[in-house]
Colleague: 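Structure in structure tokens, see below.
Fair warning: this is a prediction, and the values are worked out from it, not measured in the lab. Naming convention: chains lettered A, B, ... in sequence-line order (proteins, then strands); numbering from 1 in each chain.
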Protein chains: 2
Amino acid sequence: MTLSEENYLKAIYHLEQLSGSGVSTNALAEEMQTKASSATDMVKKLADKQMLIHVPYQGATLSDAGRSHAVKVIRKHRLWETFLVEKLNFKWDEVHDVAEQLEHIKSEKLIDELDRFLEFPKYDPHGDPIPDKNGKFNTIEKITLTQALENKSYRCIGVKDDSSQFLKYLDSNQIGLGTSFEVVHKEPFDQSVKIKLKDKELVVSQSVAKNLFLETL
Amino acid sequence: MTLSEENYLKAIYHLEQLSGSGVSTNALAEEMQTKASSATDMVKKLADKQMLIHVPYQGATLSDAGRSHAVKVIRKHRLWETFLVEKLNFKWDEVHDVAEQLEHIKSEKLIDELDRFLEFPKYDPHGDPIPDKNGKFNTIEKITLTQALENKSYRCIGVKDDSSQFLKYLDSNQIGLGTSFEVVHKEPFDQSVKIKLKDKELVVSQSVAKNLFLETL
DNA sequence: ACCTTTTTTTAGTTTTGTCTAAAAATATAA
DNA sequence: TTATATTTTTAGACAAAACTAAAAAAAGGT
């Protein structure tokens, strides 16, 4: 698998998870920041390699081999992110681009030893679960802040958007993984949410609320 | 710099060190396991990018920018090799191929933090010096076992050949970095060398002797 | 100096992954 | 259902980095 093929597999896996079904050429091109014709070309190549099933004009669905390979890349990405934060003093908003490069390094021993070195972490710095050597990983039910109820308490356990911009916003408002707060008010007009956090009140917009994963306390 | 360009720069740097002068197209093609025409193409490209000076039919010489970039890649390679051996349980004969991939990861913070994490090592697992952030590194005078004198004692401080085959040969004969021994006899007929190592005598061929770096005891 | 051999360069192709432009298939809507 | 819009695919081109084959330059030997 080339670097480009792996990136497409990861994108298709991601879109399948979101929609629960096959992935359209346009959606894939959008995700990959490229043109539909390029996406078609790559989908055909991955179909040749038995990584997915492609019905022309009806999108692509990963095969077991394709899904398994995508999960391996995701495992590598999340382990490297964990390494960067735990051992190399990276902040959670600095790891993404470097991990995008490191996830393509080919060496099974490398990744399994890294896993051991990090003591088999279950979650990465953004709260995403890390697949184990066999591709298994936890999927706990998480809600977003948009779905939370007034006057209940929650703990932040993940982020949907891991862009540097969003993570820096959270940092500057003292929200991180493990942060607990109470939902004070949900504003129907603009879907903003007022929360009480360490005795301070904070209003976050809908764009923020929909990207915060919570567990009920 | 692309992956391929970096690999050529590294090869040119290596050959310049060996010969002390400019690098011929044929030598470069040989080092890169490719054809002379491919080497010419790349040399022209690197000349365009001001990484080297190319006089047609007279070989290539690295510019300061080219040498500096080559040293950066070497720094990364040797730091990653050190990481693999020190932290991830790799043997010294297992690191080369993985480090060849890792040396191309682009992130200054990554490599400087890795350096700190490893506590600023001065030598890699094969005894080669690791350039610091500014590209400076130790160059101690080392001799090879072929140059050693009878009835004198030496310590192994490096290897010229870091192929898995050679390193496994050394392992199986209990020779590693730091191993000390005495030269018992140099055989003029075939340049083989008899050494006394931990009270056992061992004869090594010329091919082995010329790839072992020593310091005098 | 001349011929031969070796080295280096040039010219033209290939493969991978991208692009644009246009054609074909599907979906939507009057 | 028929026209329009959207989505997807095809066709043809391009850049990077490799190749083969052939031409050009340099080096060596007599």
Colleague: Suppose we call a contact any N or O donor and acceptor under 3.5 Å apart; does that hold for the side chain of A/Thr2 and the base of C/dT16?
Modeller: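 Donor-acceptor pair under 3.5 Å: no.
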Colleague: Nearest-Å distance, CG (A/Leu46) to P (C/dT16)?
Modeller: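 The answer, rounded to whole Å, is 13 Å.
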Colleague: Return each pair, listed once, that meets side-chain hydrogen bond (donor to acceptor under 3.5 Å, both in side chains) where at least one residue sits in residues 47-60 of chain B; pairs must be two or more places apart or across chains.
Modeller: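 Listed once each, the pairs are B/Glu5-B/Lys49.
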Colleague: Any N or O donor-acceptor pair under 3.5 Å from the base of D/dT20 to the side chain of B/Ser37?
Modeller: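 Such a pair exists between side chain and base.
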Colleague: Rounded to whole angstroms, how far apart are CE on A/Met42 and P on D/dT9?
Modeller: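 Those two atoms, CE and P, are 15 Å apart.
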Colleague: Give the rounded distance in Å between these two atoms: CG of A/Leu3 and C1' of D/dA16.
Modeller: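 My rounded result for the distance is 15 Å.
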Colleague: Indicate yes or no: does B/Arg78 engage B/Glu81 in a salt bridge with an N to O separation below 4.0 Å.
Modeller: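 No, B/Arg78 and B/Glu81 are not salt-bridged.
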Colleague: For B/Lys35 and D/dT20, give me the distance from atom NZ to atom P, rounded to whole Å.
Modeller: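 Nearest whole value for this atom pair: 4 Å.
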Colleague: Take the protein atom CE of A/Met1 and the nucleotide atom C1' of C/dT16, then report the distance between them rounded to whole Å.
Modeller: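 From A/Met1 CE to C/dT16 C1': 13 Å.
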Colleague: Report the residue from A/Lys76, A/Lys72, A/Lys10 that forms a salt bridge (Lys or Arg N to Asp or Glu O under 4.0 Å) with A/Glu103.
Modeller: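 With A/Glu103 as partner, salt bridge (Lys or Arg N to Asp or Glu O under 4.0 Å) holds for just one option, A/Lys10.
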Colleague: Within this structure, what is the CG-to-P distance between A/Leu28 and C/dT18, rounded to whole angstrom?
Modeller: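 Taking atom P of C/dT18 as the reference, CG of A/Leu28 is at 10 Å.
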Colleague: In terms of the angle between their ring planes, are A/Phe166 and A/Tyr169 parallel, tilted or perpendicular, with boundaries placed at 30° and 60°?
Modeller: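 Plane angle under 30°, so parallel.
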Colleague: Sugar-phosphate means primed atoms, P, OP1 and OP2; the rest is base. With that split, encode nucleotides 3-8 of chain D 5' to 3' as B, S or - using protein heavy atoms under 4.0 Å.
Modeller: ----SB
Colleague: Judged by each residue's nearest nucleotide on DNA chain C, which is more toward the 5′ side, A/Gln33 or B/Val43?
Modeller: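 Looking at DNA chain C, the more 5' nearest nucleotide goes with B/Val43.
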Colleague: Do B/Asp171 and B/Lys168 meet the salt-bridge criterion of a basic N to acidic O distance under 4.0 Å?
Modeller: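 The answer is no: the pair does not qualify as a salt bridge.
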Colleague: Hey, is A/Asp132 close enough to A/Lys122 for a salt bridge, meaning N to O under 4.0 Å?
Modeller: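 Judged by the 4.0 Å cut-off on N to carboxylate O distance, A/Asp132 and A/Lys122 do not form a salt bridge.
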Colleague: Between B/Arg75 and B/Asp124, does at least one N-O distance fall below 4.0 Å, as a salt bridge requires?
Modeller: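 No salt bridge links B/Arg75 with B/Asp124.
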Colleague: Quick check on D/dA18: is either OP1 or OP2 less than 4.0 Å from any side-chain nitrogen or oxygen of B/Thr34?
Modeller: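 No, outside the criterion.
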Colleague: How close or far is atom P of D/dA15 from atom CG of A/Asp41, stated in whole angstroms?
Modeller: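 Distance check: A/Asp41 CG to D/dA15 P gives 18 Å.
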Colleague: Once you apply a heavy-atom cut-off of 4.0 Å, does B/Ser4 come out as touching a base, just sugar-phosphate, or nothing?
Modeller: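 Touches sugar-phosphate only.
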